[in-house]
Amino acid sequence: MIAKQYKEAYLESTVFTASPEKLTLLLYSHLVILIRQAQAGLEEKDLKKSHINIIKAKKLIINFENTLDQTYKIATDLLAMYEYMYRRLTEANLKKDWDILEEILSHARVLRDTWALAAKISKGQNNQLGS
């Protein structure tokens, strides 16, 4: 029980002290985890586990939609992607379809990996500007 409390305190500290870029990366990573857990629920025939994780993933996608900065053109493309992922997660939940989850997992991984690369490039450019 104490280990769980330390883990929760560590996670809370990580989230509250993270830069916006790091926080977004953490959220994309969490989306990947939720989808994988939903798939595991289907594999284990634990439909409740799958359902709960799909619902959490959908809520996270809504959060991504609500925090988009519409001043950038890419926001329109991201919004379309989020809306698509949300619809497909709903479909996966209704049909209990592992393959749909795999498709959405692929999109979530691309978003996560692209964001990680963009943050790394941005950090490198910021370091060069400060020199």
Side-chain angles (χ1 to χ4, degrees):
M1 188 64 174
I2 292 174
K4 183 178 179 181
Q5 290 172 330
Y6 283 121
K7 180 180 177 184
E8 288 174 2
Y10 171 77
L11 289 174
E12 185 175 306
S13 172
T14 300
V15 168
F16 285 126
T17 60
S19 67
E21 296 82 13
K22 179 71 174 178
L23 184 57
T24 301
L25 182 57
L26 288 170
L27 291 173
Y28 277 137
S29 296
H30 190 62
L31 179 61
V32 168
I33 290 167
L34 290 171
I35 296 167
R36 290 179 64 208
Q37 288 175 343
Q39 285 180 313
L42 291 179
E43 291 168 355
E44 298 162 5
K45 307 286 189 241
D46 185 345
L47 299 182
K48 183 176 180 180
K49 175 181 177 178
S50 182
H51 172 77
I52 288 169
N53 284 290
I54 289 172
I55 296 301
K56 288 179 181 179
K58 287 172 63 174
K59 287 180 180 179
L60 191 49
I61 288 172
I62 289 170
N63 183 58
F64 285 132
E65 290 177 352
N66 290 336
T67 58
L68 277 174
D69 185 346
Q70 296 295 330
T71 60
Y72 298 99
K73 184 199 176 305
I74 194 169
T76 304
D77 297 332
L78 284 171
L79 181 60
M81 174 59 80
Y82 296 150
E83 288 173 345
Y84 176 78
M85 292 171 72
Y86 187 92
R87 283 193 311 275
R88 293 293 280 167
L89 282 170
T90 299
E91 186 177 353
N93 204 12
L94 291 171
K95 294 181 177 180
K96 308 304 179 209
D97 191 316
W98 191 92
D99 291 330
I100 294 173
L101 290 174
E102 185 64 23
E103 173 199 342
I104 301 307
L105 178 60
S106 174
H107 294 309
R109 285 178 172 148
V110 168
L111 288 167
R112 178 200 60 198
D113 296 347
T114 302
W115 186 262
L117 181 59
K120 184 177 180 181
I121 290 169
S122 176
K123 184 177 181 182
Q125 289 175 345
N126 288 340
N127 287 344
Q128 289 177 356
L129 292 174
S131 300

Would W98 and I35 show up in the same hydrophobic cluster when neighbours are defined by side-chain heavy atoms closer than 4.5 Å? yes
Are L47 and I55 connected in the hydrophobic side-chain network, where two residues link if heavy atoms are under 4.5 Å apart? no
Measure up the F64 and Y82 rings against each other and bin them: parallel (under 30°), tilted (30 to 60°), perpendicular (over 60°). parallel
List the atom pairs, donor and acceptor, that lie under 3.5 Å between side-chain atoms in residues 111-119 and the rest of the protein, sequence neighbours left out.
unit_1: T114; atom_1: OG1; unit_2: V110; atom_2: O; d: 2.7
unit_1: W115; atom_1: NE1; unit_2: E21; atom_2: O; d: 2.9

Could you pull out all residues at least two apart from A92 that satisfy side chain to side chain contact (heavy atoms under 4.5 Å, CB included)? I100, L101
Mind checking the CG-CZ spacing from N93 to R88? Nearest 0.5 Å is all I need. 13.0 Å
Would you say that more than 12 heavy atoms from the other residues, nucleotides or ligands in this model lie under 6.0 Å from the CZ of R36, or not? no
How close do S50 and A38 get, heavy atom to heavy atom, and via which atoms? OG-O, 3.0 Å
Between atom CD of E103 and atom CG of L89, what is the distance when rounded to the nearest 0.5 Å? 9.5 Å
Show your reasoning for whether side-chain contact (heavy atoms from CB on, under 4.5 Å) applies to I54 and K58. CA-CA 6 Å; I54 289 172; K58 287 172 63 174; 4.0 Å; yes
Indicate yes or no: at least one non-hydrogen side-chain atom of L105 is less than 4.5 angstrom from one of V32. yes
Are Y86 and M81 co-members of a hydrophobic cluster defined by side-chain heavy atoms under 4.5 Å apart? yes
Would you say the side-chain atoms of S106 pair up with the backbone N or O of E102, donor to acceptor, closer than 3.5 Å? no
Taking all heavy atoms of A75 and all of D69, pick out the closest pair and write down the distance. CB-O, 3.3 Å
Report yes or no: do I61 and L78 belong to one cluster of Ile/Leu/Val/Met/Phe/Trp/Tyr joined by side chain heavy-atom distances under 4.5 Å? yes
Output yes when a side-chain donor or acceptor of N53 lies under 3.5 Å from a complementary backbone atom of K49, and no otherwise. yes
Hphob cluster co-occupancy, Y28 + I33, side-chain heavy atoms under 4.5 angstrom: no
Does the side chain of D97 reach to within under 4.5 Å of the side chain of E91, using non-hydrogen atoms? no
State whether the number of non-hydrogen atoms from other residues, nucleotides or ligands found under 6.0 Å of K56 atom NZ is greater than 12. no
Output all residues satisfying side chain to side chain contact (heavy atoms under 4.5 Å, CB included) with K48, sequence neighbours left out; order by chain, then residue number. D46, I52
Over 12 foreign heavy atoms within 6.0 Å of CG, L94: yes
